[in-house]
Amino acid sequence: MGGVVLGIESTAHTLSFGMVDLDGNVSDSYSNLFRPKEGGIHPREAADHHCSQVSNLLNEVTKSEMFKENDVEAIAFSQGPGLGPCLRVGASVARTLSKSWNIPLIGVNHCIAHIEIGRNQTGCIDPVLLYVSGGNTQVIAKSRDKYRVMGETLDIGIGNMLDKFARNQGLPFPGGPKIEELAIEFTKVADYQNKLIDLPYGVQGMDMGFSGMLTAAQRRVLAGDSLESVSWSLQEHAFASCIEVAERAMAHTGKTELLLGGGVACNSRIRKMAEIMCEERGATAYWPEKKFCIDNGTMIAELGRLLHNVGFKTSLEDSSINPMLRTDHTKVIWD
Ligand code: ATP
Ligand code: FE2
């Protein structure tokens, strides 16, 4: 029998389990997404959702071929950043499984897991990462023993901005994919490229901001511009901000790979922009499949595997969650 690391993700709206074997081969994730009936995500409600789904999902995982054919060698969980009540669910389940299966517990940094699953899936080695999710928007590059944040949003995450815009237009969560559909519709309009609605652009130095463009976009809808045209213009502005900062990070560091990660990296337009920017500077753009861009348990298992390989374990005393954990708080002790 071979061995696998089991990963648990529960930072926000997604509860998910996944596995990676000791050679780095990945399983699909077993996930359940909390969708609020109205408004944004309420941490307590999301945590209740996760509690109610844990045993079903765990049952599914234990019935999978990969689980049955392997020993579970370690259990990894998202220690932070994220919503406290949600993180606590994953951490409690991980502690329980670690104790009852008598295997090491490994607390991992969720942001870094987005990077490591991307490296696992695409084969890129030392990329600049454009991490674009609901709560996070960061341009990251590794230097010595840390993934350093070179630039980030100064207000809200890009995904939360898209979700909020969508919600205000009566579209359900998650709004990002729906905005993408509306934007694609607009690209069928004749001469659409010359119909960009001017919104406040969100780059300051190496940092970004999205709340100004959100407010302006909402005003344009109220003023009568079509939802399709505003969705397209909003995407163009938001994604161009991220790609601009990512390009500058590549220029400063001399790195020649760009890796996209986080839920917004599912978007075909940001992928295209990344590709164009990289082509223009002789670099290469990478992204994992959609199922590994959004939050998933497999990415937690992958970072768990890398840590397990170098003998890292989290003691019970050190296993408290850390909702404010940052990308650059974690020392990179693996290859
Ligand atoms: P994190 O904790 O890392 O901030 P998260 O909890 O926001 O992550 P993810 O699953 O990484 O979760 O990202 C979810 C976000 O991705 C949502 O805001 C959603 O609207 C957005 N998203 C998903 N698909 C698309 C898409 N095709 N286009 C734009 N945004 C998308
Ligand atoms: Fe995430």
Separation between CE of Met19 and OH of Tyr30, rounded to the nearest 0.5 Å: 5.0 Å
Tell me whether Arg305 is salt-bridged to Glu73, with the criterion being a basic N under 4.0 Å from an acidic carboxylate O. no
Could you tell me whether the side chains of His50 and Asn32 share a donor-acceptor contact shorter than 3.5 Å? no
Got a second to check how far Glu228's CD is from Ser233's OG, nearest 0.5 Å? 11.5 Å
Polar contact flag, side-chain donor to acceptor under 3.5 angstrom, Ser319-Thr314: no
Could you state the interatomic distance from NE2 (His110) to CG (Leu303), rounded to the nearest 0.5 Å? 11.0 Å
Should the ring pair His49 and Phe34 be called parallel, tilted or perpendicular, given that the plane angle runs from 0 to 90° and is split at 30 and 60? tilted
Joint cluster assignment, Val245 & Val264, ILVMFWY side-chain distance < 4.5 Å: yes
Hey, what do you get for OG1 (Thr215) to CE (Met213), rounding to the nearest 0.5 Å? 10.5 Å
Could you please spell out the steps behind the salt bridge (charged side-chain N to carboxylate O under 4.0 Å, His left out) verdict for Asp145 and Arg148? CA-CA 9 Å; Asp145 59 355; Arg148 319 265 168 189; 3.6 Å; yes
Going by salt bridge (Lys or Arg N to Asp or Glu O under 4.0 Å), name the pairs with one or both residues in residues 204-224, residues two or more places apart or in two chains. Arg220-Asp225
Would you mind writing out the side-chain donor-acceptor pairs for residues 248-260 within the sub-3.5 Å range, not counting sequence neighbours?
{"residue": "Arg248", "atom": "NH1", "partner": "Gly205", "partner atom": "O", "Å": "2.5"}
{"residue": "Arg248", "atom": "NH2", "partner": "Glu244", "partner atom": "OE2", "Å": "2.4"}
{"residue": "Thr253", "atom": "OG1", "partner": "Ala249", "partner atom": "O", "Å": "2.8"}
{"residue": "Thr253", "atom": "OG1", "partner": "Lys255", "partner atom": "N", "Å": "3.3"}
{"residue": "Lys255", "atom": "NZ", "partner": "Asp126", "partner atom": "OD1", "Å": "3.0"}
{"residue": "Lys255", "atom": "NZ", "partner": "Asp126", "partner atom": "OD2", "Å": "2.9"}
{"residue": "Lys255", "atom": "NZ", "partner": "Lys142", "partner atom": "O", "Å": "2.9"}
{"residue": "Glu257", "atom": "OE1", "partner": "Ile125", "partner atom": "N", "Å": "3.0"}
{"residue": "Glu257", "atom": "OE1", "partner": "Asp126", "partner atom": "N", "Å": "2.7"}
{"residue": "Glu257", "atom": "OE2", "partner": "Ile125", "partner atom": "N", "Å": "3.1"}

Using atom types as modelled, flag every donor-acceptor pair under 3.5 Å from a side chain in residues 159-186 to any protein atom, sequence neighbours excluded.
{"residue": "Asn160", "atom": "ND2", "partner": "Gly134", "partner atom": "O", "Å": "3.3"}
{"residue": "Asp163", "atom": "OD1", "partner": "Gly175", "partner atom": "N", "Å": "2.9"}
{"residue": "Asp163", "atom": "OD1", "partner": "Gly176", "partner atom": "N", "Å": "3.3"}
{"residue": "Asn168", "atom": "ND2", "partner": "Lys164", "partner atom": "O", "Å": "3.4"}
{"residue": "Asn168", "atom": "ND2", "partner": "Gln218", "partner atom": "OE1", "Å": "2.5"}
{"residue": "Lys178", "atom": "NZ", "partner": "Glu181", "partner atom": "OE1", "Å": "3.4"}
{"residue": "Glu180", "atom": "OE2", "partner": "Ser268", "partner atom": "N", "Å": "2.8"}
{"residue": "Glu180", "atom": "OE2", "partner": "Ser268", "partner atom": "OG", "Å": "2.6"}
{"residue": "Glu185", "atom": "OE2", "partner": "Lys188", "partner atom": "NZ", "Å": "3.0"}

Over all atoms of both residues, closest heavy-atom pair of Cys242 and Val132: SG-CG1, 3.9 Å
Atom of Glu289, atom of Arg271 and distance for their closest heavy-atom approach: C-NH2, 4.4 Å
Rounded to the nearest 0.5 angstrom, the CG-CD1 distance for Leu105 and Ile75 is 8.0 Å
Does a donor on one side chain sit under 3.5 Å from an acceptor on the other, for Ser211 and Asp155? yes
Quick one, Glu60 with Lys63, criterion salt bridge (charged side-chain N to carboxylate O under 4.0 Å, His left out). Give me CA distance, side-chain angles, the key distance, then yes/no. CA-CA 5 Å; Glu60 266 186 61; Lys63 282 188 197 134; over 6 Å; no
Rounded to the nearest 0.5 Å, how far does CG of Leu58 lie from CZ of Phe17? 4.5 Å
